[in-house]
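What's counted below: heavy atoms across the whole structure, side chains too, no hydrogens, waters or symmetry copies. In the text below, chain A, chain B and the rest are named by the order of the sequence lines, each starting its count at 1.
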Protein chains: 2
Amino acid sequence: MQLPQPIPRATTSDAVATRVRHLIITAALAPGERINEVRLSVHLGVSRTPLREALNRLAAEGALTSVTNHGYFVRPLTLDEFEQVYAIRPLLDPEALRLAGLPAARRLTRLKALNRKLADTTTADDAIAADDAWHLELLADCPNRVLVELIEGLMQRTRRYELALMRETRQVLRATDDHDQVHKALADGDLERACAALEHNLQSGRAPIVDWLTARQTKTEG
Amino acid sequence: MQLPQPIPRATTSDAVATRVRHLIITAALAPGERINEVRLSVHLGVSRTPLREALNRLAAEGALTSVTNHGYFVRPLTLDEFEQVYAIRPLLDPEALRLAGLPAARRLTRLKALNRKLADTTTADDAIAADDAWHLELLADCPNRVLVELIEGLMQRTRRYELALMRETRQVLRATDDHDQVHKALADGDLERACAALEHNLQSGRAPIVDWLTARQTKTEG
DNA sequence: CATCTTGTAACTGTATACAGTATGCAGCTG
DNA sequence: CAGCTGCATACTGTATACAGTTACAAGATG
């Protein structure tokens, strides 16, 4: 008998990773902050071992950096990293959509529903979750799962920036119109136009965050 | 005084990760094999803790998979994964080269030297190392380091396949001619032609490995 | 004889204990 | 008083111990 495909992974490490990831994304663990393993492990009610495994993974994801004998630090939000990470998805997502091909009617319906949900969100958290859900639904038929996983990783890496912007400036990033452009192109059966619209969408969030980061950076410099 | 940029990381975990990565790449740990943590830790002369941290990282890199209460398995070589991973670099590398721009004369000289070195290699190991070195030198000026790191990760992920092919079929993948095409385009100051040549190079290694994998797959099925 | 049961061994996941290294302060020295 | 030195403390990195789960096999049962 073959091993089952699904990988359960219901271990404490995973739960801890999820929780700590959330702490980082929501800035409960502030950018630049040094992580005290003992304190955090006590706070989470687990021992240091699973915590360290989680921290390790988060470091691999790019949310933390680690320095020998100094421990883990929450990666600060920098303009450089943001621009670099943000520049990559426009290379990947359109290709993934191309590979996925035109969606079935059923999927297009779902996409529109998700977009309405996005329009109705009230909190930054929900907005970003809905946006990510829309993008993943769009690529659900993409046969290159490695590519999609890569995209998911990049999503998580930019999430902190988007959340921080929305939290600190009370600005809201709404991509519903962009998404509608993609819907229209897909409904017309024009995959290339959809890809172009998607690429535009993936770049449209950039400017406000860059502005905010540069403002913040020059402020902290002075 | 500011902390120094370089992150030393001279810990046992890292050493172990490197060693285990090598064991996997060279198939000393065979594809599909289950990893016995106790045995391996004894073999490496360390305790289970740093070994597990290393295994965790390798799982994040995609060389291992982990199943709860069953442990880590060396990821088998599959046609699907190979095709998916291999399809990504042609999306990333040309863009990275575009961002890097035309290389200075000095760098072009180095690239040619590395390519000669590649031509002179005798073992599969050396060939792949030299090839990777050439590609990284080509992107040395790329300001998007995140992009380059992504590319490095993909390199490591395909390395196993290339090595396995060379080992099992005694076939040698030589990309020196492809690289020369890139050199010529760069010397002509034609960045786009260089990108096109690079993209071709990144796809030219695909066919032999696909052939070998399909042959192997149908063989093991029967 | 096939099938289920049960007990044991092996292994992973987690907690704890220990060792080595950095940090910060008190006291000394010039 | 500035700067260095040495010690105490805190924290990370590693090893070991313990707990829970799975796999396997011998024996019981129809």
Scan for salt bridge (charged side-chain N to carboxylate O under 4.0 Å, His left out) pairs involving residues 26-46 of chain A, sequence neighbours excluded, and state none if there are none.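 Sorted result for residues 26-46 of chain A: A/E37-A/R48, A/E37-A/R52.
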
Pairs meeting criterion salt bridge (charged side-chain N to carboxylate O under 4.0 Å, His left out) with involvement of residues 147-158 of chain B, two or more places apart: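 Qualifying pairs, neighbours excluded: B/E81-B/R157.
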
Hey, does the side chain of A/Q171 reach the backbone of A/M166 with a donor-acceptor pair shorter than 3.5 angstrom?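 Not a single qualifying donor-acceptor pair exists.
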
Kindly say whether A/T78 contributes a backbone atom to a donor-acceptor pair with the side chain of A/Y161 at under 3.5 angstrom?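 The answer is yes, because a donor-acceptor pair under 3.5 Å joins these two groups.
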
Could you pull out the protein-nucleic contacts involving nucleotides 19-21 of chain D (nitrogen or oxygen on both sides, under 3.5 Å)?
{"residue": "D/dT21", "atom": "O3'", "partner": "B/N69", "partner atom": "ND2", "Å": "3.3"}

Residues forming a side chain to side chain contact (heavy atoms under 4.5 Å, CB included) with A/A59, sequence neighbours excluded: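 A/A59 satisfies side chain to side chain contact (heavy atoms under 4.5 Å, CB included) with A/L64, A/Y72 once adjacent residues are dropped.
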
Report yes if at least one side-chain N or O of A/R52 is closer than 4.0 Å to OP1 or OP2 of D/dG13; otherwise report no.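 A/R52 to D/dG13 OP1/OP2: side-chain N or O found under 4.0 Å.
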
OP1 or OP2 of C/dG13 sitting under 4.0 Å from any side-chain N/O of B/H70?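 No, B/H70 has no side-chain N/O under 4.0 Å of OP1/OP2 on C/dG13.
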
Provide the full list of side-chain hydrogen bond (donor to acceptor under 3.5 Å, both in side chains) pairs with a residue in residues 17-30 of chain B, sequence neighbours left out, each pair given once.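 Matches after skipping sequence neighbours: B/R21-B/E61, B/R21-B/Q156.
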
Determine whether B/D132 and B/R159 satisfy the following criterion, salt bridge (charged side-chain N to carboxylate O under 4.0 Å, His left out), listing intermediate values before the conclusion. CA-CA 9 Å; B/D132 288 348; B/R159 204 170 283 167; 2.5 Å; yes

Kindly give the heavy-atom pair with the smallest separation between B/L165 and B/W212, and that separation in Å.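 So the two residues come closest at CD1-CB, 3.5 Å.
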
Near DNA chain D, which residues from residues 30-47 of chain B have a heavy atom under 4.0 Å away?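 Here the set is B/V46, B/S47.
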
